[in-house]
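These numbers come from the heavy atoms of this one structure, side chains and all, not from hydrogens, waters or symmetry mates. For ligands, and for the atoms within them, numbers begin at 1 and follow the listed sequence.
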Amino acid sequence: MLTRSPDEAAAHIRAGRLAAFPTETVYGLGADAFQPDAVEAVFAAKGRPADNPLIVHLADAGRVDQVVATLPASADRLLDAFAPGPITCIVPRHPDLPSVVTAGLDTVGVRIPGHATAQAFLRACATPVAAPSANRSGRPSPTTWQAVQEDLDGRIACILQGDPTEAGVESTVVDCTADPPAVLRPGAVPVEALRAVLGTVEFPEEEASDDAPRSPGTKHRHYAPAARVHVVQESSEAESGEGTAYIGLDPPPAGDFAVVRRPADVEAYAHEVFAFFRECDRAGCADIYAQRVPPEGLGRALNDRLERAAAR
Ligand code: TXA
Ligand code: MG
């Protein structure tokens with residue numbers, strides 16, 4: 001069911017059902033974190049592997065004590081600086097938080113979205129809300145309610161309709177149990193901004209493939225359209241032809257592409273990239289050429305999503 005009412009969507013959450021909701025990053029698929037059956041249903045609706053923990057969403061810092069055992073000083077400072085906003089802090093989990101939320105880990109990801117509709121929804125839920133991105137597992141994250149509908153129609157009780165999301169890439173996930181804190185997933189808060197607040201922050205540019213990934217989600221295939229994604233440095237590396245698509249800051253090379261997108265800047269690129277992937281699928285494209293951006297600021301998160309979408 002579609003609704004524009006945060007209260008109506010929240011009623012589904014309280015009744016143990018699933019509701020998708022907009023945030024400033026991407027749409028989330030929410031369940032009451034304290035109803036284990038509802039949380040199980042999130043994994044089922046998405047087809048999400050059971051070993052990939054969910055982030056817990058709160059309207060404000062007031063309920064942190066319900067889900068967190070102790071708040072490390074680094075998490076305190078990050079929440080102070082960036083919450084409400086697109087930051088997720090990995091911290092020790094409260095023993096009463098159902099373990100299905102954290103996939104059995106003794107840590108939990110905590111996020112306070114800075115988005116008016118998300119805030120109204122979470123306040124009306126009056127319970128911490130466990131929520132991954134509201135896409136079928138492996139698919140591009142949903143930045144519009146229509147994308148949620150495309151992936152989850154008939155599998156969830158409710159979609160809270162909002163505008164297309166602002167950031168377009170997900171929150172920055174920081175392991176605050178590590179010293180120094182470590183970025184597990186680059187996201188909408190740039191690592192430069194984290195460093196300005198915390199000083200040292202570990203940022204593994206590349207996870208050695210034989211290391212166990214520290215963020216369980218990073219080992220799964222992600223963000224991928226049906227089309228094959230090729231990440232290119234120079235736009236001239238893109239190969240035109242039937243069933244090809246191009247997205248990048250530079251103009252595409254001469255030749256015919258079925259779909260072309262030239263975002264004005266890195267922010268616009270991040271904002272549009274997942275919707276572009278979905279558009280390419282609807283157009284039946286076989287190959288997407290996506291130009292890398294300079295690895296700084298939001299560009300790191302964008303490059304990360306492009307590389308993951310290209311991984312097979
Ligand atoms: O912007 C966002 O973060 C969106 C919106 C809906 O809030 N949510 C989101 O959730 O992207 P999801 O589930 O698609 O990605 C969460 C990431 C996954 O890579 C997961 O493995 C990691 O965060 N994560 C969650 N809890 C964790 C934990 N306790 N320890 C390590 N990684 C964790
Ligand atoms: Mg996701």
With a 4.0 Å cut-off on heavy atoms, is [X] in contact with ligand 1?
X      : value
Arg93  : no
His57  : yes
Thr107 : yes

Would you check the N or O atoms of [X], main chain and side chain alike, for any that come under 3.5 Å of an N or O of ligand 1?
X      : value
Arg111 : yes
Ser133 : yes
Thr23  : no

Could you check which of [options] puts a non-hydrogen atom nearest to [atom]?
atom                    : options                      : result
atom 15 (O) of ligand 1 : His115, Glu170, Arg185       : Arg185
atom 16 (C) of ligand 1 : Leu29, Ile55, Thr177, Leu184 : Ile55
atom 23 (O) of ligand 1 : Leu105, Val173, Thr165       : Val173
atom 25 (C) of ligand 1 : Pro49, Pro132, Pro53, Ala103 : Pro53

Side chains of Glu170 and Ser133: any donor to acceptor distance under 3.5 Å? no
Below 4.0 angstrom from a heavy atom of Asn52, which ligand 1 atoms are there? Numbered from 1 as shown, please.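 Reading through ligand 1 atom by atom, the close ones are 18 (C), 20 (C), 21 (O).
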For ligand 1, which atoms have a heavy atom of Gly28 less than 4.0 angstrom away? 6 (C)
Rounded to the nearest 0.5 Å, how far does CG of Leu54 lie from CZ of Arg111? 13.5 Å
Interatomic spacing from OG1 in Thr143 to CD in Glu272 - rounded to 0.5 Å: 9.5 Å
Report the part of Asp175 (side chain from C-beta onward, or backbone N, CA, C, O) that has a heavy atom under 4.0 Å from ligand 1; answer both or neither where that applies.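 Neither; no heavy atom under 4.0 Å.
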Would you kindly specify which portion of Arg48 sits under 4.0 Å from ligand 1, judged on non-hydrogen atoms: side chain, backbone, both or neither? side chain
On a heavy-atom basis, which atom in Val101 and which in Ala130 lie closest, and how many Å separate them?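 Heavy atoms of Val101 and Ala130 come nearest at CG1-CB, 4.1 Å.
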Heavy-atom closest contact (Pro225 atom, Ala309 atom, distance):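 Smallest interatomic distance, heavy atoms only, reads CD-CB, 4.4 Å.
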Backbone or side chain, does Ser133 get an N/O/S atom under 2.8 Å to the Mg ion (ligand 2)?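 So Ser133 does bind the Mg ion (ligand 2) by this criterion.
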Are [X] and [Y] joined in one hydrophobic group, where the rule is that I, L, V, M, F, W and Y side chains link up if heavy atoms are under 4.5 Å apart?
X      : Y      : answer
Val232 : Phe277 : no
Phe34  : Ile13  : no
Leu79  : Val56  : yes
Phe121 : Ile159 : no

Anything under 30° is parallel, anything over 60° is perpendicular, the rest tilted; go ahead and classify Phe257 against Tyr289. perpendicular
